[in-house]
Amino acid sequence: MSRGRFITLEGGEGAGKSTQAARLATILEERGLPVVLTREPGGSEGAEAIRSLLMQGDVARWSSHSEALLFAAARADHVEKRIRPAVEAGSWVICDRYIDSTRAYQGAQGIDDAAILALHGFGSKGLLPDRTFLLTVSRETSLQRTLRRGADNDRFEMRGTSFHADVAAIFDRIAEHEADRVRRIAADGDPDSVTRAIVEGLNDLLP
Ligand code: TMP
């Protein structure tokens with residue numbers, strides 16, 4: 001059995017990651033590939049339990065350092081129990097958010113990138129995706145889509161515009177510095193064209 005692939009979708013709130021992850025899963029399944037669709041924080045029983053701790057409650061419930069540790073702990077469980085076994089068994093794992101979200105969101109709260117990567121090395125043996133799609137949208141689109149979704153705001157959505165601008169800037173920097181892994185896709189427009197761009201961006205990995 002040959003190794004599968006590990007694909008992540010990243011971006012700010014309302015970028016369309018979940019929609020595109022589900023569409024990509026369908027397309028790959030139609031091509032006969034075994035697919036695992038998952039998300040972070042969460043994706044395994046232990047990580048989902050940590051997700052509730054992270055998402056609910058007051059904005060100031062956790063310090064930035066505690067939060068970085070909780071995300072790393074959730075990811076370690078998810079990688080060990082679900083992602084790594086599935087990829088090793090030949091599946092294509094599609095994950096809605098992963099390490100770049102920690103680098104962007106916890107980075108925007110002052111946690112050093114090298115410290116985040118060190119925690120990732122310890123917790124998840126530094127597992128990186130084979131390809132990451134960074135979906136970018138304007139702040140206006142992001143706000144419109146989050147409002148339309150009508151969900152209760154989680155602890156991160158409640159933060160202000162300058163926080164989300166910092167998050168976007170860090171995502172852009174990662175994409176610029178790690179261009180082999182990370183493909184940036186403008187996602188303000190038609191979801192079909194975003195899906196096409198994602199599939200095109202996988203051409204070199206598809207069997
Ligand atoms: P989502 O399920 O809507 O994507 O929400 C997850 C929230 O958690 C989102 O606001 C981003 C935030 N987050 C982090 O701050 N760090 C992380 O490592 C991850 C995976 C998510």
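Using modelled atom types, no side-chain atom of Arg184 and backbone atom of Thr136 make a donor-acceptor pair closer than 3.5 Å. Not one N or O on the side chain of Asp96 forms a donor-acceptor pair closer than 3.5 Å with the backbone of Ala21. With Arg5 contributing its side chain and Trp92 its backbone, the two residues share no donor-acceptor pair below 3.5 Å. No donor-acceptor pair closer than 3.5 Å links the side chain of Gln106 to the backbone N or O of Ser64. Listed for the Glu10 side chain is no donor-acceptor partner under 3.5 Å among the backbone atoms of Phe133. Using a distance-only test at 3.5 Å, with no hydrogens or angles considered, a donor-acceptor pair links the side chain of Lys17 to the main chain of Gly12.
Of the residues Leu53, Ile111, Leu54, the one that meets the side-chain contact (heavy atoms from CB on, under 4.5 Å) test with Glu67 is Leu54.
Classification of Arg131 and Asp180 as a salt-bridged pair fails, no side-chain N sitting under 4.0 Å from a carboxylate O. Salt bridge annotation for Asp113-Arg173: absent, with no cationic side-chain nitrogen under 4.0 angstrom from a carboxylate oxygen. Salt bridge Arg61/Asp58: absent, no basic N to carboxylate O contact under 4.0 Å. A salt bridge is defined here as a Lys NZ or Arg NE, NH1 or NH2 lying under 4.0 Å from an Asp or Glu carboxylate O, and Arg3 with Asp130 meets this definition.
Annotation for Val87 and Phe6: closest pair CG2-CB, 4.1 Å, computed over non-hydrogen atoms. Residues Ile116 and Gly107 share a closest heavy-atom pair of CD1-N, 4.0 Å. Of all heavy-atom pairs spanning Ala187 and Ala15, the tightest one is CB-O, 3.7 Å. The heavy-atom pair separating Pro85 from Val79 by the smallest distance is CD-O, 3.6 Å. For the pair Val194 and Ala186, the tightest heavy-atom approach, listed with the atom from each and the gap, is CG2-O, 4.0 Å. Minimum heavy-atom separation, Ala47 to Gly42: CB-O, 3.4 Å.
Between Ser193 and Arg196 there is a side-chain heavy-atom pair separated by less than 4.5 Å. Side chains of Val137 and Glu13 form no contact here, defined as non-hydrogen atoms less than 4.5 Å apart. Using a 4.5 Å heavy-atom threshold, the side chains of Asp192 and Arg23 count as touching. Taking 4.5 Å as the limit, some side-chain heavy atom of Ile27 sits within range of a side-chain heavy atom of Thr195. Considering only heavy atoms from C-beta on, Leu205 comes within 4.5 Å of Ile7 through its side chain. In this structure, Arg82 and Val36 have side chains that are in contact, with non-hydrogen atoms separated by less than 4.5 Å. Within the 4.5 Å cutoff, the side chain of Ile185 has no heavy atoms near those of the Leu134 side chain. In this structure the side chain of Leu9 never reaches within 4.5 angstrom of the side chain of Tyr98, judged on heavy atoms.
Remark: the Tyr105 side chain and the Arg97 side chain contain an N/O donor-acceptor pair separated by less than 3.5 Å. Using modelled atom types, one finds no donor on one side chain facing an acceptor on the other under 3.5 Å when comparing Glu40 with Ser101. No donor-acceptor contact under 3.5 angstrom links the side chains of Arg39 and Ser18, judged on distance only. Defined by atom type and a distance below 3.5 Å, a donor-acceptor pair is present between the side-chain atoms of Thr38 and His78. A donor-acceptor contact closer than 3.5 angstrom is absent between the side chains of Arg75 and Ser124.
The CG atom of Leu127 sits 12.0 Å away from the CD atom of Glu80 when rounded to the nearest 0.5 Å. Once rounded to the nearest 0.5 Å, the distance linking NE2 of His164 with OG1 of Thr146 reads 8.0 Å. Between Leu135 atom CG and Thr141 atom OG1 the span is 12.5 Å, to the nearest 0.5 Å. Atom CG of Leu28 is separated from atom OG of Ser91 by 11.0 Å, given to the nearest 0.5 angstrom. Atom CD1 of Ile50 and atom CG of Leu70 lie 6.5 Å apart (nearest 0.5 Å). Taking CD1 of Ile170 as the reference point, atom OG1 of Thr102 lies at 11.0 Å (rounded to 0.5 Å).
Atom CD of Glu178 is surrounded by more than 12 heavy atoms from other residues, nucleotides or ligands within 6.0 Å. For Phe163, the CZ atom counts as densely surrounded, since its 6.0 Å shell holds more than 12 non-hydrogen atoms of other residues, nucleotides or ligands.
At a threshold of 4.5 Å between side-chain heavy atoms, the hydrophobic network of Ile, Leu, Val, Met, Phe, Trp and Tyr places Leu202 and Ile94 in one connected group. When hydrophobic clusters are built by joining Ile, Leu, Val, Met, Phe, Trp and Tyr residues whose side-chain heavy atoms come closer than 4.5 Å, directly or via intermediates, Leu33 is grouped together with Leu24. Follow the hydrophobic side-chain contacts under 4.5 Å out from Val93 and you never reach Leu206; the two are in separate clusters. When the side chains of ILVMFWY residues are joined at heavy-atom separations under 4.5 Å, either directly or via intervening members, Leu37 and Ile83 end up in two distinct hydrophobic clusters.
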Determine, step by step, whether Leu128 and Ile99 satisfy the side chain to side chain contact (heavy atoms under 4.5 Å, CB included) criterion, reporting the C-alpha distance in whole Å, the side-chain angles of both residues, the deciding distance to 0.1 Å, and the verdict.
-> CA-CA 8 Å; Leu128 286 179; Ile99 183 65; 3.9 Å; yes
Side chain to side chain donor-acceptor pair (under 3.5 Å) between Gln109 and Arg159: does it pass, once the steps are laid out?
-> CA-CA 11 Å; Gln109 286 166 114; Arg159 288 167 213 254; 2.5 Å; yes
Chi angles and distances behind the ring pair (Phe, Tyr, Trp, His ring centres under 6.0 Å) call for Phe71, His120 | CA-CA 10 Å; Phe71 278 111; His120 187 53; over 10 Å; no
